[in-house]
A.B. asks: 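Submitted below is the structure of interest, expressed as structure tokens.
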Amino acid sequence: MSKELVYQQNYIPMTRDELVGRLKKALKDKRFRHVLRVEQTAIDLARKNNVDIEKASIAGLCHDYAKQRPDSDFIAEIKKKGLDPLLLDYGNAIWHGVVGAELIKDELGIWDEDILNAVRHHTTGAPVMTKLEQVIYMADYIEPGRDFEGVNKARIITAANLQAGVAYQTKHTLAYLIANDKPVYPKTIDTYNAWVPQYEGEID
């Protein structure tokens, strides 16, 4: 079980219990319970796909660390770090990953780029993603609390082929954004182009 996991690799300057305590303070209860489920799903996927379990735990727990921060925190961080000004045209759905990774670095002392990229890309995806990034991208999408049309198919596909799961999520997320007249972050389109065509037929 994840609660028995002892961090030993120095990816983060605190124990798992200390990290969970920080998250409990940063998040409302419903969101906190979501990150615990994402962590467990990420660990399960990591075991099946030969991914570092400790990194999967940390990234799974931290992926929504900044989710409930005020917009002003993100805007200030974008300006302070000189991040892409295009980010200012978007909102929390993009910011809590892309900008949230910077807050994790500053406030939690996590500097491992694989973990940070897993947080950065957990909603947008990326044209090239490490196995850890793929694990967090999918764990957030298919954790047991998720209940939407297609989620069971996503779980089945991901269990059989992690990369096909990434393609499935990307295809359906883009379709959802378009159907609901939502803005599409450019990296999401890049992710679609890189992942979906190569799995055509496996994810319909």
Side-chain angles (χ1 to χ4, degrees), residues 34 37-53 55-56 59-60 62-64 67 78 83-102 112-204:
H34 162 71
R37 292 192 301 268
V38 170
E39 179 204 20
Q40 190 58 59
T41 305
I43 288 171
D44 293 344
L45 288 174
R47 285 199 174 106
K48 290 172 186 169
N49 291 280
N50 198 29
V51 171
D52 186 306
I53 302 297
K55 284 188 178 187
C62 290
H63 80 283
D64 275 355
K67 178 75 175 175
I78 290 165
L83 302 180
D84 186 349
L86 178 69
L87 284 164
L88 294 169
D89 295 336
Y90 294 85
N92 182 282
I94 301 300
W95 291 342
H96 82 276
V98 179
V99 188
E102 299 299 319
D112 181 271
E113 277 298 310
D114 200 12
I115 294 172
L116 293 173
N117 280 331
V119 173
R120 283 186 185 107
H121 299 146
H122 81 268
T123 56
T124 65
V128 176
M129 287 192 274
T130 65
K131 281 279 185 73
L132 177 66
E133 290 176 75
Q134 294 169 42
V135 160
I136 301 306
Y137 187 68
M138 293 315 303
D140 184 35
Y141 194 66
I142 65 171
E143 60 94 344
R146 296 294 197 196
D147 182 20
F148 56 86
E149 186 177 352
V151 71
N152 285 329
K153 185 169 184 181
R155 289 174 181 135
I156 292 166
I157 290 171
T158 305
N161 183 328
L162 178 64
Q163 290 74 36
V166 169
Y168 180 89
Q169 179 187 165
T170 303
K171 177 179 178 177
H172 288 268
T173 296
L174 185 57
Y176 170 83
L177 293 171
I178 292 168
N180 289 277
D181 298 323
K182 303 280 189 186
V184 179
Y185 188 60
K187 187 165 272 186
T188 301
I189 298 171
D190 294 340
T191 305
Y192 179 94
N193 288 337
W195 289 87
V196 174
Q198 66 176 310
Y199 290 98
E200 183 183 4
E202 292 182 48
I203 58 173
D204 293 327

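For the single chain, residues carry numbers from 1 onward in sequence order.
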A.B. asks: Is the backbone of M129 close enough, under 3.5 Å, to the side chain of Q134 for a donor and an acceptor to pair up by distance?
C.D. replies: yes
A.B. asks: Using modelled atom types and a 3.5 Å cut-off, is there a donor and acceptor pairing between side-chain atoms of H172 and backbone atoms of Q169?
C.D. replies: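 No.
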A.B. asks: Just verifying a value: how many Å separate K187 NZ and I189 CD1, rounded to the nearest 0.5 Å?
C.D. replies: 13.0 Å
A.B. asks: Which residue in the set T41, V135, L45 passes side-chain contact (heavy atoms from CB on, under 4.5 Å) when paired with T158?
C.D. replies: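 Filter result, single survivor: L45.
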A.B. asks: Can you name the closest pair of heavy atoms from A93 and T123 and give their distance?
C.D. replies: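 Scanning both residues, the minimum pair turns out to be O-OG1, 3.4 Å.
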A.B. asks: Determine the minimum heavy-atom distance between A164 and E202, stating which atoms define it.
C.D. replies: CB-OE1, 4.1 Å
A.B. asks: Is atom CD of E200 surrounded by more than 12 heavy atoms (other residues, nucleotides or ligands) closer than 6.0 Å?
C.D. replies: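 Not more than 12 within 6.0 Å, no.
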A.B. asks: Are the side chain of T191 and the backbone of T124 linked by a donor-acceptor contact shorter than 3.5 Å?
C.D. replies: yes
A.B. asks: Of all the heavy-atom pairs spanning P144 and R37, show the shortest one and how long it is.
C.D. replies: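 Minimum heavy-atom separation between P144 and R37: CD-CB, 4.2 Å.
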A.B. asks: Would you say the side chain of N50 lies within less than 4.5 Å of the side chain of K131, judging by non-hydrogen atoms?
C.D. replies: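 No. Closest side-chain heavy atoms not under 4.5 Å.
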A.B. asks: Are any of the side-chain heavy atoms of W95 and I78 separated by less than 4.5 Å?
C.D. replies: yes
A.B. asks: Which heavy atom of Y137 sits nearest a heavy atom of H121, and at what distance?
C.D. replies: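 In terms of heavy atoms, the two residues are closest at CD1-O, 3.5 Å.
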A.B. asks: If only atom types and distance count, is the side chain of W195 paired as donor or acceptor with the main-chain N or O of P127 below 3.5 Å?
C.D. replies: yes
A.B. asks: Calculate, to the nearest 0.5 Å, the distance between atoms CE and OG1 belonging to M138 and T170 respectively.
C.D. replies: 8.0 Å
A.B. asks: For the OG1 atom of T173 and the CD1 atom of I178, what is their distance to the nearest 0.5 Å?
C.D. replies: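 Result: 11.0 Å between the selected atoms.
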A.B. asks: Treating D84 as the side-chain partner and L87 as the backbone partner, does any N or O pair qualify as donor plus acceptor under 3.5 Å?
C.D. replies: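 No: the side chain of D84 does not pair with the backbone of L87.
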A.B. asks: Out of curiosity, I43 CD1 to I53 CD1, how far, rounded to the nearest 0.5 Å?
C.D. replies: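 Between I43 CD1 and I53 CD1, I get 6.5 Å after rounding to 0.5 Å.
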A.B. asks: For the pair F148 and Y141, evaluate ring pair (Phe, Tyr, Trp, His ring centres under 6.0 Å) and give the outcome as yes or no after the intermediate values.
C.D. replies: CA-CA 10 Å; F148 56 86; Y141 194 66; 4.9 Å; yes
A.B. asks: Would you call V99 and L83 a side-chain contact if the rule is heavy atoms closer than 4.5 Å?
C.D. replies: yes
A.B. asks: Check for a donor-acceptor pair, side chain of R47 on one end and backbone N or O of A42 on the other, with a separation under 3.5 Å.
C.D. replies: no
A.B. asks: Measure across P186 and L86 and return the closest heavy-atom pair with its distance rounded to 0.1 Å.
C.D. replies: CG-CD2, 3.7 Å
A.B. asks: Mind running side chain to side chain contact (heavy atoms under 4.5 Å, CB included) on E39 and H34 for me, showing each step along the way?
C.D. replies: CA-CA 9 Å; E39 179 204 20; H34 162 71; over 6 Å; no
A.B. asks: What distance do I157 atom CD1 and L162 atom CG have between them, rounded to the nearest 0.5 Å?
C.D. replies: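 Taking CD1 in I157 and CG in L162, the distance rounds to 12.0 Å.
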A.B. asks: Do any N or O atoms from the side chain of D140 and from the backbone of I136 form a donor-acceptor pair under 3.5 angstrom?
C.D. replies: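 Absent.
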A.B. asks: How many angstroms lie between atom CD1 of I142 and atom CZ of R155, to the nearest 0.5 angstrom?
C.D. replies: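 That separation rounds to 7.0 Å.
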A.B. asks: Do side-chain atoms of N161 reach the backbone of Q163 as a donor and acceptor pair under 3.5 angstrom?
C.D. replies: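 Flag set: sc N161 to bb Q163 pair under 3.5 Å.
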A.B. asks: Where the side chain of N49 meets the backbone of V51, is there a donor-acceptor pair that is under 3.5 Å apart?
C.D. replies: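 No, the answer is negative, given that no donor and acceptor are paired below the 3.5 Å cut-off.
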A.B. asks: Which heavy atom of N92 sits nearest to which heavy atom of K67, and what is that distance?
C.D. replies: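 Smallest heavy-atom distance, with atoms named: ND2-O, 2.8 Å.
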A.B. asks: Would you check, one step at a time, whether the test side chain to side chain contact (heavy atoms under 4.5 Å, CB included) holds for D64 with H122?
C.D. replies: CA-CA 9 Å; D64 275 355; H122 81 268; 3.3 Å; yes
A.B. asks: Is the backbone N or O of G150 less than 3.5 Å from a side-chain atom of Y168, with the two atoms forming a donor-acceptor pair by type?
C.D. replies: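 Side chain of Y168 to backbone of G150, a donor-acceptor pair under 3.5 Å: yes, one is there.
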A.B. asks: If the threshold is 4.0 Å, N to carboxylate O, is there a salt bridge linking R120 and E102?
C.D. replies: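 Salt bridge flag = yes for E102 with R120.
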